[in-house]
Structures are given as C-alpha cells and as structure tokens.
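Structure first, commentary second.
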2 protein chains.
Amino acid sequence: MSHVQKTSPMARRKPGRPIGGSVATDIRQRIIDAAIGCFAREGYGKASNKIIAAEAGVTAPSLYHYFESKGALYRAALAYAIGTLVETYRTACAELPDASSIAQLCLGIEKMITLTKHQPGLMNFAGSAAGEIARHEDLDWLDTEDARAFSDFFRELLLRAKQRGELGHGINIDAAAQMLIACISGLAAMHDNPATTKDFAALLRAFELMLKGELMRT
Amino acid sequence: MSHVQKTSPMARRKPGRPIGGSVATDIRQRIIDAAIGCFAREGYGKASNKIIAAEAGVTAPSLYHYFESKGALYRAALAYAIGTLVETYRTACAELPDASSIAQLCLGIEKMITLTKHQPGLMNFAGSAAGEIARHEDLDWLDTEDARAFSDFFRELLLRAKQRGELGHGINIDAAAQMLIACISGLAAMHDNPATTKDFAALLRAFELMLKGELMRT
C-alpha cells in the first residue's frame, strides 16, 4: 500500500494543484480513502459527505474545505482510483519490457490481486463507476484526461501487440480496448468485500487463462 | 423479439402464478418492459413507479395491482431479463448440440447482439443488477432460482467442456463460471443506449475472439 500512495498519480499528474503542505495532502488522501470505501459500499446516491467525513476522522466543514460537493469528491476519488490502477498496470509493463502484451497484462492483473488485499473497496468502486456516471447528472466527467487513462493504456498495449505481430487477425484495437475495460470493470465490481478477496483472486486467474486462450479448446 | 416474448421464462417457469387472462399478462409484460427501460436509464434509486406506469401507459393504481412495490417490480423485471438472456444462451446450445462449448457460447453471444437491437435497455439493466442489488437493502433476491439461472448455465457449459476434454488445464469451474458472468455483465453494462448498438456488437465480437484465444498471441 505504501508503494501505491508514494506513486499517487494525483500528486504527480496535477503538480500545480494548491493542496498546501503534507498535512493537507494527508488529510485530503484520508478523505479520498474514506470516500472510496463509502461509495463502494453505499453507492453514490446513498453515500453522504457526513458519513465520509466521520470515517475519515475529520469534521464536515473540514471536508468541504477540500471538496465543495459530493460530486467533486466522487470525481477526485475516481481520478485517484483510476490513476492508481493504471499506474499499477504500467508498472507491470515496465517490469517486463520484453515480454508479450499478454504476459504484461497478466502481471498487471496479479498486481491487482495484491492491491485488492490492501485496499478492498478500490476495485468495487472503480468497477461501478461507469454505471454511477451514467445515472447521475452531476457526475459527468467524460473527455477528461482521467477518463481516458484506462482506454489509453489498453490501446497502447494492443498497439504494441500489433507492432510485434502478436495481435490476432481481424482485431479492432478500439473495440478490443473497450472490451478489456468492460471485462475488467465487470470483474472489479464482483469484489464486494474483503471476505471475497480469495474468490476474487480465483476469478482474476481464470480471466488470465482466458486471455491466454487456455479457458477452453474450440 | 416475438420469439423472446413467446418463450417468456416467467410464463413458463411459474405456471402456477395467478396472472389472470391474456390481457392481464399483456399489461404485466408492458409494465415490465417499461420498468427495464426506466431502471436501465435512471438506476433503481431514481426510477419511480409513477414514471414506469406512465411509460407503460397504465395508471399508478393499476401498476400497484400487479406489483406491490418498486422492489417487487425490480425483482420481476430482473427475473424476466435473466430468464430471457439464459433462454437465449440455451437456445444457442440446442441449435449446435455437437459443437464445442466455445462455439455454443459464441452463437449465444451473436444472439445477444440481435436481442440488443430489439430491446436496447435489457443489456444495461441486466449488467447493472449486481451493483444495484448490493446497494439497496430492499433488493435482496439471492439464493432464488432466478439468481442462480446464469451461474447454472455457465457451470453446465464448462462441465460439458470438461467432459468432452475441451476445458483448459487447471480451470476451476466455479471460478470460471463467475468470471464469465462478470465479463458478460461488464460488457452488458456498456450498452447504454440504442445509438451504441453497433459499437456494442464490435465489443461482443472482440470478446468472442478472446474466448477463442485469438485476441493476442502469448
């Protein structure tokens, strides 16, 4: 977990953000961590800034000092979650620079399994995001850098596979990238609480075998 | 579409249900169709029986004659949606009795693409169900016949693959069945409106190629 927080994409990608000193950064991160847990558990509609503030150990006015609305907090939490997940996949690719795209992706999924053990709400929160955004008018954040981070990663991975002659015949890169995101979101949404972490690992490993074409013979 | 309505699993699987004559059955089905569209578009929290009644062309008291609460209507709509989807997959298997489990599943997915053109809200509604049920206390319907219909189908498909020597080495049937459901749910949730039906077909075809192990070479 310390690894993830140190490489927080929010901190790196928005260096100009006026977040003050490290105490403010810590409080902001504590609120985001509590928000991820609360949104994952309750959904956007039922979650409240009051509950999130209590779980983060801050007062409601203090929370509003950092996030002006529940929508703003949701977007910040999602940007953090997506940044963390994409960063984890990119780290996997960097660790195996000469491996096939499939092998890199499978290492990324193994890192997801580890991440889930440390931050159980993250997967469900990220996996539920598309549905939440579609349903709540105050949650429109498409076309931003954060919203594209996942599809950019998968498109790059597939493009690299194409350049190396690994991509299957007739694969449309955009459709395949969206398909992988949909599957991974569906899998992520299955992780509903820490008790299911072991089952979740089995699920992701079955997905790795499918990626490798080892699920069933045609 | 007529095929799906004629083989409505609700009508077949619950023959003892006191649904009255065919007029009552038609009204009930009209309410369910409107509910699927409304729940898909608004989510469970924001959808209301009032809007659903208006879209079904019935009065609110008439709707309450068939469904005592929004939760009861959601469960009936979900039972219908899951029944329709499972029935479609089972029809595909019956059409290709000697084909591999992968080929049967791919034909089922092709039938999903056709279904989506006729009933656009169905996929999104079904794909969002796990998240909705997890978040709303009045939507607890696990351990019923309907909730198991999907996992029963995928377990049978994988078991059949195992019996025929098609199943990959080291595949846990329960985990693989849940994995396939998660992926298909994630894909279904991506279909948010009729305008995306063409993209949705491309997504599902990329998934078929992945199932066959033709996405990328390892």
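Naming convention: chains lettered A, B, ... in sequence-line order (proteins, then strands); numbering from 1 in each chain.
- Of the two parts of A176(B), the backbone and the side chain both hold a non-hydrogen atom closer than 4.5 Å to a non-hydrogen atom of chain A.
- In this structure, no portion of L204(B) lies under 4.5 Å from any heavy atom of chain A.
- Only the side chain of L209(A) comes within less than 4.5 Å of a heavy atom of chain B; its backbone N, CA, C and O stay farther away.
- Looking only at heavy-atom pairs under 4.5 Å with chain A, the residue among C106(B), C183(B), A177(B), G213(B) that has the most is C183(B).
- Side chain of S128(B) to backbone of N124(B): a donor-acceptor contact under 3.5 angstrom is found.
- Summarising the geometry, atom CZ belonging to F207(A) is positioned 5.0 Å from atom CD1 belonging to I184(A); distances are rounded to the nearest 0.5 Å.
- Using a 4.5 Å cut-off between heavy atoms, Q178(A) contacts chain B through both its backbone and its side chain.
- The residues K111(B) and E95(B) are annotated as salt-bridged, a charged nitrogen and a carboxylate oxygen being separated by less than 4.0 angstrom.
- Contact of A103(B) with chain A is not made at all, since no heavy-atom distance falls under 4.5 Å.
- Centroid-to-centroid, the aromatic rings of Y74(B) and F125(B) come within less than 6.0 Å.
- The residue among G45(B), A188(B), S100(B) with the most heavy atom pairs within less than 4.5 Å of chain A is S100(B).
- Of the possible polar contacts, one joining the R217(A) side chain to the G165(B) backbone as a donor-acceptor pair under 3.5 Å is found.
- A salt bridge links D152(B) with R155(B); the closest basic N to acidic carboxylate O contact falls under 4.0 Å.
- Residues passing the side-chain hydrogen bond (donor to acceptor under 3.5 Å, both in side chains) test with R160(B) are S101(B), Q104(B), sequence neighbours excluded.
- Neither the backbone nor the side chain of S185(B) has a heavy atom closer than 4.5 Å to any heavy atom of chain A.
- With a 4.5 Å cut-off on non-hydrogen atoms, A202(A) touches chain B through its backbone and its side chain both.
- Only the backbone of R41(B) comes within contact range of chain A, with heavy atoms under 4.5 Å apart.
- Most heavy-atom pairs under 4.5 Å with chain B: of the set A182(A), A99(A), A161(A), this distinction falls to A182(A).
- Screening K162(B), R90(B), R148(B) for a salt bridge (charged side-chain N to carboxylate O under 4.0 Å, His left out) with E156(B), the sole residue that qualifies is R90(B).
- Open room surrounds NZ on K50(A); 12 or fewer heavy atoms of other groups in view lie less than 6.0 Å from it.
- Only the backbone of E214(B) comes within contact range of chain A, with at least one heavy atom under 4.5 Å from a heavy atom of that chain.
- The part of K46(B) that comes within reach of chain A is its side chain, from C-beta onward, which places non-hydrogen atoms under 4.5 angstrom from that chain.
- When heavy atoms are compared at a cutoff of 4.5 Å, L215(B) approaches chain A by way of both its backbone and its side chain.
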